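Report on the following structure.
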Amino acid sequence: MTDKKPDNFDEVVASVDIDLVSEQKNERMPQRRYQRRRQGTFVPDYVDWKDIDYLRRFIPERGKIMPRRISGINAKDQRRIAQAIKRARSMALIPFVTD
Amino acid sequence: MANKRVYEIMYIVAPETADDDLTKINETIVQVIESQGGTIANTDNMGRRKLAYPIDKKTEGHYVLLEVEGTGKEILELERRMRVNDAIIRFITVRVDEDRKTADKQKAKRDARQVRRNVASNRGGANQESEQESAGQNQ
């Protein structure tokens, strides 16, 4: 299709497109970032993989390990807790999947 | 480095083994460890527990926890035996001395910081009292 472009085609394109797209992105992003970020769950220095009462708060009903953006703990503690949960799972103290 | 490695060993024994068989298994394991030169620091017979998922179609198991000190050789021999034994359905060995050392160091650092805060607040005025309160709440 060879449509005849209007004379101000380039100007229209430049003024409309980019602003719209970036506005939409900005509107979306702040809402997603502040979604359910809890503060200050205390993590002890040594995470004991046998202490399932403590580990249970990081495992919601489905049995999956809670991601950091919901539990709000820092990366080092998240790795420790994940390792402890995996050990406890291997020893059948915590299930892999709950139904 | 001296042989100060500390391990935690937990194993599950099949539930239908009789109690005296269970004690026999425990004693064998203790013997294996001590013959290889390790020492047992703690034992904890956690008793029968429901498993979180069936292992070998069984839903319960007898949990036993040991804490062992020594070099690594007894763990090698022990794991070999546990793999062969059919009554032991699962086991895990975790080395804990490094983690405990770092945990103790962090605790010592935290306590030292707390002491310093207390000293500073005792010397200072009202502003530093509130700082001590917030430190106490964080603890």
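Note that these values count all heavy atoms, side chains included, but never hydrogens, waters or copies made by symmetry. Since this is a predicted model, take the numbers as computed values, not measurements. Each chain gets a letter, A, B and so on, in the order the sequences are listed, and its residues count up from 1.
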Identify whether B:Ile33 and B:Ile75 are in the same connected component of the hydrophobic contact network (ILVMFWY, side-chain heavy atoms under 4.5 Å).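 Both belong to a single hydrophobic cluster.
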
Any idea which heavy atoms bring A:Ala88 and A:Ile52 closest together, and the distance?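 Residues A:Ala88 and A:Ile52, closest heavy atoms: CB-CG2, 4.5 Å.
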
Separation between [atom1] of [X] and [atom2] of [Y], rounded to the nearest 0.5 Å:
| X | Y | atom1 | atom2 | value |
| --- | --- | --- | --- | --- |
| A:Ile59 | A:Phe96 | CD1 | CZ | 11.0 Å |
| B:Ile25 | B:Asn85 | CD1 | CG | 5.0 Å |
| B:Asn26 | B:Leu66 | CG | CG | 7.0 Å |
| B:Glu74 | B:Ile29 | CD | CD1 | 13.5 Å |

Counting backbone as well as side chains, what donor-acceptor pairs lie under 3.5 Å between chain B and chain A?
| unit_1 | atom_1 | unit_2 | atom_2 | d |
| --- | --- | --- | --- | --- |
| B:Glu8 | OE1 | A:Trp49 | NE1 | 3.4 |
| B:Glu8 | OE1 | A:Lys50 | NZ | 2.8 |
| B:Glu8 | OE2 | A:Lys50 | NZ | 2.8 |
| B:Ala52 | N | A:Ala92 | O | 3.1 |
| B:Tyr53 | OH | A:Arg89 | O | 2.6 |
| B:Tyr53 | OH | A:Ser90 | O | 3.4 |
| B:Tyr63 | OH | A:Met91 | O | 2.8 |
| B:Tyr63 | OH | A:Ala92 | O | 3.2 |
| B:Arg90 | NH1 | A:Ser90 | O | 3.0 |
| B:Arg110 | NH2 | A:Asp45 | OD2 | 3.1 |

Structural part of A:Leu93 lying under 4.5 Å from a heavy atom of chain B: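 For A:Leu93, heavy atoms of backbone and side chain both lie under 4.5 Å from chain B.
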
Taking 4.0 angstrom as the limit, do B:Glu27 and B:Lys24 come out as a salt bridge?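 Result for this pair is no, no salt bridge flagged.
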
Interchain contact, B:Ile55 with chain A, by part (heavy-atom threshold 4.5 Å):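 Looking at B:Ile55, just its side chain touches chain A.
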
Among B:Ile89, B:Leu65, B:Val94, single out the residue with the greatest number of heavy-atom pairs under 4.5 Å to chain A.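 The answer is B:Val94.
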
